[in-house]
Amino acid sequence: MKRRILPALTVATVALAGSAVAPTAASASDAWGIVCNLTQNTWLRAAPHAQVLRTLTAGRGFRWHGQVWAEDDDVWLYGHGAEDPAIDGWVPGGNTTC
């Protein structure tokens, strides 16, 4: 009988420990913006063609704050990615669904 109780208690303990983890709320910037998706991995830059701030992942959200830099067919959008709402920067417009 002891052999059956120990595995059952182990499973119950693991199940309770897993359910005790509190879900964390998603955080997002309170800045105005249009939510778009990234169509490919892309770099968030300090300015168009400038220093890379971080890499944003394809399929994740990008909040565009409405600012645009454009020269011929070179269009950049200003906002932040879902990975870090505290860091705003520029991404190529062609890498988004905006």
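For the pair D74/P48, no side-chain contact is recorded, criterion being any heavy-atom separation below 4.5 Å from C-beta on. The shortest distance between side-chain heavy atoms of L53 and W43 does not fall below 4.5 Å. Side-chain atoms of L77 and F62, non-hydrogen and from C-beta on, do get closer than 4.5 Å to each other.
Considering all non-hydrogen atoms of both residues, L56 and G81 come closest at CD2-CA, 3.9 Å. Nearest heavy-atom pair across L38 and T57 is CD1-O, 3.6 Å. G79 and H65 make their closest contact through CA-CD2, 3.3 Å (heavy atoms, listed as atom of the first residue, atom of the second, distance).
In the hydrophobic cluster analysis, where Ile, Leu, Val, Met, Phe, Trp and Tyr join through side-chain heavy atoms closer than 4.5 angstrom, V35 is grouped apart from V68. When hydrophobic clusters are built by joining Ile, Leu, Val, Met, Phe, Trp and Tyr residues whose side-chain heavy atoms come closer than 4.5 Å, directly or via intermediates, W32 is not grouped with W90. Cluster membership check: W69 does not share its hydrophobic cluster with V52, using side-chain heavy-atom separations under 4.5 Å among Ile, Leu, Val, Met, Phe, Trp and Tyr.
Looking only at distances, no side-chain donor or acceptor of H80 sits under 3.5 Å from a matching main-chain atom of G89. For the pair R45 (side chain) and A50 (backbone), a donor-acceptor distance under 3.5 Å is present.
Atoms CZ and CG, from R54 and D84 in turn, are 5.0 Å apart once rounded to the nearest 0.5 Å. With rounding to the nearest 0.5 Å, the separation of CG in L44 from CG in N95 is 11.5 Å.
Here W64 pairs with nothing under the ring-ring contact (aromatic ring centres under 6.0 Å, His included) rule; sequence neighbours left out.
Between W76 and H49, the angle of the ring planes goes over 60°, which puts this pair in the perpendicular group of the 30/60° scheme.
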